[in-house]
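Have a look at the structure below, then the notes.
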Amino acid sequence: MDTTTNDLNMNLFDRVLDKLCLTPIGLAGLILLLLLPFIPPFNQEYMLRWLIYCGFVAAMSVGFDFTAGYINIVNFGYMAVAGTGGYTSALLVINAGLSPWIAMLAGGVSSAVLGLIIGMISLRLRGIFAACLSWFFGLAVMGLATKMVWLTRGPMGLRTPRLFETESNFPFYFLIIILVYLIYLICKWVVRSKMGLAFQAIAQNMDAARTSGINPVFYRVFNFTMSCAIAGVLGGFYAHFYGILTPDMMHTSKTVEILAVAYIGGRGSLWGGAVVAFPFIFLMEIVRSTLSHLPGLNLVIYALVLILVMIYYPGGFSYFYDTHIRQPKNRALRYFLNGREAKA
Amino acid sequence: MSKHNMSDTVTWLKSAPGLSIVISIVVAVAATIDAGPYLLVNMVVTGGMLALVATGLTLMLGVLNIPMFAHGEYFMIGSLTAYYIFTPISEFILEHPDSWLVTFGPFIAILGALIGGAIAGVISEKLVFGPLRRRSTDNWVMNSFLLTVGVSVLLVNLHQLIFGADFKGIVGYWQGMPISIAGAYISLDRALAFIISAVIVALFYLFMTYTRTGMAIRAVSQDITGAEIVGIDIEKIVMLTISLACALAAVAGGSLLFMYPSYPTVGLEPLYMAWFVVILSGLGNILGAVAGAFIVSLLKVITMEYVGAGWDFVVPSALIMLILIFKPSGIFGSDVRGVLDK
């Protein structure tokens with residue numbers, strides 16, 4: 001993992017880039033994403049809708065990887081947590097008349113509380129048991145959302161006002177790209193600090209971490225709370241973008257989608273899932289819409305990719321990138337891919 | 001002597017397994033008196049089915065350390081196989097009502113489900129789990145879990161792609177008057193489904209306890225190196241375990257075709273319930289899984305009766321979370337650890 005480098009040899013541009021946790025190629029990618037809606041095939045509204053969904057999955061997978069990649073606990077109820085945030089936000093807007101922007105943050109807070117609870121009760125459990133606990137939690141929350149019809153209107157769906165008053169998808173696209181980047185940045189800052197080291201120590205060997213003075217209770221609960229807060233804000237975005245919320249969004253299969261993208265992207269990298277989500281989800285949407293007489297084909301491809309990656313390349317895309325692309329001979333290209341490296 | 005036995009019994013009653021079994025029996029009896037015997041019948045039939053699925057799951061988890069997320073899909077494969085075997089049989093029965101197939105046709109369908117499940121298990125071991133095991137076993141539990149997630153999505157959507165998303169169900173296996181026990185009418189299908197699951201679970205238990213192969217499976221689950229030293233063929237045992245576990249789920253799907261028609265995501269409910277059972281009863285414990293299956297089905301039936309349909313995920317999962325908080329290893333938890341958990 002990389003730590004902050006305060007090397008005097010770096011010029012201002014490199015230092016700013018380093019603080020922003022970007023490499024030159026990352027910056028180029030971000031600019032490309034921001035320009036994408038102006039490039040012809042992507043400037044149609046339906047394409048933009050797909051791209052927004054890509055962005056949503058990308059941002060979710062960053063938050064998911066923050067838990068799965070760093071403290072090695074798969075939060076299997078992640079979409080249910082996001083759904084809680086979405087419902088909280090939607091209900092606050094509808095019943096209390098709050099602005100959707102503030103309600104989104106309130107959704108984040110409600111999900112953080114949920115994350116705090118899951119984090120606390122899963123403390124004694126490890127690995128697959130913690131995953132199961134969060135899964136059951138997600139099932140219970142989804143059941144509640146389905147059955148509390150007086151509040152959530154259940155499967156009939158809750159209509160929510162959109163964040164922007166326009167019919168156009170443009171502002172939503174820029175918002176989700178900014179959200180993806182902000183979430184990545186926050187997670188990366190936390191991971192770069194001492195806390196990141198503590199997370200990895202806990203993931204590898206909790207007893208050893210405890211002996212060296214790391215308090216696993218604090219770090220695990222903090223990690224869970226933060227990643228759930230991210231999910232909550234994104235759930236709020238989901239609610240106020242699509243304009244309709246059903247308990248279906250909390251379903252386990254949606255979590256599986258996030259999980260697949262995060263793992264294909266590469267666990268423990270944070271950026272892998274975000275990078276993979278755009279081309280991958282976009283292609284899946286193309287398959288789904290063009291081959292609509294073959295329902296489920298996109299998910300078959302999806303599952304096959306997940307299986308093949310898990311068997312033959314468990315490190316995912318980020319591992320592939322690190323081992324094969326990152327170290328070219330050409331120095332300019334090397335700078336482009338890695339940024340200025342601190343001189344020892 | 002008898003006094004000694006008494007104190008043993010009292011200790012057992014005070015332990016978590018004793019306490020939970022006694023409480024569930026009391027609750028079951030109270031609810032039966034209150035609401036009627038059909039509740040008990042529902043509980044027993046669901047519990048029998050759940051016991052089959054959950055023992056398969058326990059086997060996978062206990063012996064191979066694979067937290068199987070795709071187990072419901074083998075349930076689906078079983079029900080699909082049974083449907084495609086039984087449909088021609090029922091047409092034949094319509095034309096020839098006196099044929100021997102009237103009685104034995106359903107058994108052929110259920111047997112077909114069993115074989116179909118076993119074959120599906122062998123194929124998934126060959127194509128999916130085997131390659132992963134040969135490549136690497138570090139972080140095995142999580143990797144194999146994600147792999148089964150992929151398998152689950154794959155099988156569900158292959159079903160939808162090939163056979164369509166509509167319900168493929170039958171009216172019933174056996175025609176005939178329902179049996180009446182203590183004022184409750186049990187259809188022949190339900191009674192026989194329960195008997196089939198009871199017989200299979202009993203056979204499975206005897207197989208695991210008394211035959212050499214069953215002992216070999218248990219040896220592998222306790223210590224893979226030791227098992228290899230005494231000359232057990234690990235590959236063979238792994239293959240056998242997977243096909244057995246999948247066959248158990250598939251036979252549950254086949255024998256319950258009249259209750260759960262086959263459609264792509266039919267396996268989700270048995271999967272959730274079986275995971276409840278496995279978490280509740282602890283890992284690698286077959287008898288615990290059987291007891292847990294009845295406790296979970298009791299929870300489900302009681303929730304449906306007194307709280308309402310649709311709450312049957314909320315209440316049991318909340319209770320199981322409570323149990324996990326206070327007893328992370330489950331009620332009947334044992335210390336047996338799986339092979340690849342290092």
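Lettering follows sequence order; numbering is per chain, from 1.
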For this session: Tell me, out of B:Val149, B:Leu127, B:Thr148, who's got the most heavy-atom pairs with chain A below 4.5 Å.
Result: B:Val149
Exercise. Do you know which two heavy atoms are closest between A:Ala303 and B:Gly150, and how far apart they sit?
Worked result: CB-O, 3.3 Å
Problem set entry | Contact origin within B:Phe129 toward chain A - heavy atom pairs under 4.5 Å | neither
For this session: Calculate, to the nearest 0.5 Å, the distance between atoms CG and CE belonging to B:Leu147 and A:Met310 respectively.
Result: 7.0 Å
Exercise. What option among A:Thr146, A:Thr252, A:Val309 has the most heavy-atom pairs under 4.5 Å with chain B?
Worked result: A:Thr252
Exercise. Of A:Asn298, A:Ile301, A:Leu304, A:Val300, which is the lone residue that meets side chain to side chain contact (heavy atoms under 4.5 Å, CB included) with B:Asn157?
Worked result: A:Val300
Problem set entry | Heavy-atom neighbours of A:Tyr319 OH exceed 12 at 6.0 Å | no
Exercise. Side-chain contact, heavy-atom cut-off 4.5 Å: A:Ile311 with B:Arg134?
Worked result: no
For this session: Compare all side-chain heavy atoms of A:Phe136 with those of B:Ile279 and state whether any distance is below 4.5 angstrom.
Result: yes
Problem set entry | Contact leader toward chain A among B:Leu132, B:Val315, B:Val156, where contacts are heavy-atom pairs under 4.5 Å | B:Leu132
Exercise. Tell me, side chain or backbone of A:Tyr302 under 4.5 Å from chain B's heavy atoms, or both, or neither?
Worked result: neither
For this session: Check the angle between the aromatic planes of A:Trp135 and B:Tyr272 and answer parallel, tilted or perpendicular using the 30° and 60° thresholds.
Result: perpendicular
Seminar exercise, completed: Residues A:Ile307 and B:Val151: closest non-hydrogen pair is CD1-N, 3.8 Å
Exercise. Is chain A contacted by the side chain of B:Leu155, its backbone, both, or neither, given a heavy-atom distance below 4.5 Å?
Worked result: neither
For this session: For the residue pair A:Leu306 and B:Val153, establish whether any side-chain heavy-atom pair is separated by less than 4.5 Å.
Result: no
